[in-house]
Amino acid sequence: MQKFQMQNYFLPPRIEFGDGAIQNLGEHVKTFDAKKPLLVSDAGVINAGILAKAIDALDASGLPHAIYSDIEPNPTDTSITHGVETYKSEACDVVIAVGGGSVMDAAKAIRLLTTHEPPLEPYYADVGGLERIRDDMPPLICVPTTAGTGSEVSQGAIITDTSLNTTDRWRKRAIVTPFNMSNIALLDPGITLGMPPALTAATGMDAITHGIEAYTATKYHPIAEGVALQALRMLNANIQKVYHDGNDVTARGEMLLGSCMAAFAFQKGLGAVHSLAHQLSTDAPIPHGVANAILLPPVMEFNFSHATEKYAEIARALGIDTSNMDSSEAGHAAIDKIKAFNTELNMPAGLGAAGLDRKKIPKLGADAMLDHCHKFNPRVCTEVDMVALFEAAF
Ligand SMILES: [Fe+2]
């Protein structure tokens, strides 16, 4: 007889998916009986004309708003503090994130500190923050402008800690709570049409990495496993289409939904790829999705003996006919498919080519051990392993 440890599974409260979803923003604000949203965004989203669509929607509903748009590509605790100041000085009562992963993660952290005593330090996952976060935060509406991070339905927010009290350099840290899931995610394929090919590729490979790491993560979560595989099928079927034709709105929509599903799935856990990748964006100019794409094949090789059957299942989700293969052959075919994506999507050949200074690897390997993601990796990782994986990906 099998015994089960107690598990908690969380579903996103509401996902509205379809062309023009952003136009409904004001009506959703009103369902919370909110009066004044804080729009959190960044310069890229403003320049692409997407924030203007959100503002138009609020105007059409007769709602005033405030804007905080000083979010960096890897948001720091400092910009979170400034965002909270804007929220309070403008007397806002709901947070709307319009942007990619950095904007949505920043919005989550801003929202947290509107009801929780600053600074962020006690709320980071690596110091037991999960236990300190209450469900008394204002509503959060997310409008993702990229198809990759899926932060609109994920429980994490990745913040660059500049307080220097945990390490001798800035380090990315996670705030993890089920209350970080947005109250409403508005998935509007049309607003992702303008994404340039390099960003499309990087964010798409981030989503594929989420699907693979979630499916192989060690927590018992069959719901997430099913969603991860369907996400991989959709991402596999569309990533090349959106890279080569950014105006394929059907493929853009499937990527947006696929990335959302992959992020929902990673409440099951992620893995070593993310622990390694989280170290790179603060010390090298390597976007998160690019780092994941480069690190994924060597980490899959490292994990292979501990996840062979699951990699074979992933191969099938990635459209590979495995009927004449054993599990080992099928699993390796999945790794080959990731390498082929990296080539077709013009990813750098390695971390060195992407801009990493090799001398930093020992320190980055040590810091990767402090990241929570690898705790759910199918194979236990040591600091020596982390350094070796950085070298293998170099
Ligand atoms: Fe990611």
Side-chain angles (χ1 to χ4, degrees), residues 12 73-75 97 99-109 125 142 144-160 171-176 180-182 185 192 195 198-217 224 227-228 231-232 234-235 239 255-282 284 286-300 303 314 338 341-342 345 347 351 354 364 367-368 371-377 389 393:
N74 296 293
S102 297
V103 165
M104 289 190 277
D105 284 6
K108 290 173 181 178
C142 283
T145 58
T146 60
T149 167
S151 185
E152 65 274 11
V153 295
S154 75
Q155 301 185 23
I158 305 294
I159 303 297
T160 300
R171 182 162 69 85
K172 279 191 157 187
R173 299 173 76 189
I175 299 163
V176 180
N180 265 342
M181 284 184 164
S182 62
T192 67
M195 255 199 300
L199 184 61
T200 299
T203 50
M205 287 307 293
D206 185 26
I208 285 178
T209 307
H210 293 159
I212 291 174
E213 291 215 288
Y215 185 62
T216 54
V227 174
L232 286 171
M234 293 167 70
L235 296 165
I239 191 167
M255 288 297 291
L256 194 55
L257 207 43
S259 66
C260 179
M261 291 160 64
F264 159 74
F266 78 63
Q267 65 177 261
K268 179 171 180 271
L270 282 168
V273 175
H274 272 76
S275 284
L276 294 161
H278 285 156
Q279 311 315 314
L280 290 171
S281 36
T282 49
I286 307 178
H288 175 66
V290 173
N292 282 339
I294 296 170
L295 286 158
L296 188 52
V299 170
M300 289 176 78
N303 288 339
I314 286 169
I338 299 302
F341 276 147
N342 284 349
L345 302 176
M347 291 292 160
L351 296 176
L364 297 176
D367 281 345
D371 184 278
H372 72 290
C373 292
H374 73 85
K375 302 214 164 68
F376 308 103
N377 196 65
L389 286 166

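Counting convention: from 1, in listed order, for ligands and their atoms alike.
Nearest approach of Leu270 to Ala217, heavy atoms of both residues: O-CB, 3.7 Å. Of all non-hydrogen atoms in Pro75 and Ser102, the two that sit nearest each other are CG-O, 3.5 Å.
Judged as a salt bridge (Lys or Arg N to Asp or Glu O under 4.0 Å), not a single pair has a partner in residues 146-157 (not counting sequence neighbours). For the salt bridge (Lys or Arg N to Asp or Glu O under 4.0 Å) condition, the pairs that include at least one residue of residues 262-277, sequence neighbours left out, are Glu225-Lys268.
Excluding waters, the protein N/O/S atoms found under 2.8 Å from the Fe ion (ligand 1) are Asp206 OD1, His210 NE2, His274 NE2, His288 NE2.
Every side-chain contact (heavy atoms from CB on, under 4.5 Å) that Pro287 has, sequence neighbours left out, goes to Val290.
Ring geometry for His288 versus His210: interplanar angle of 30 to 60°, hence tilted.
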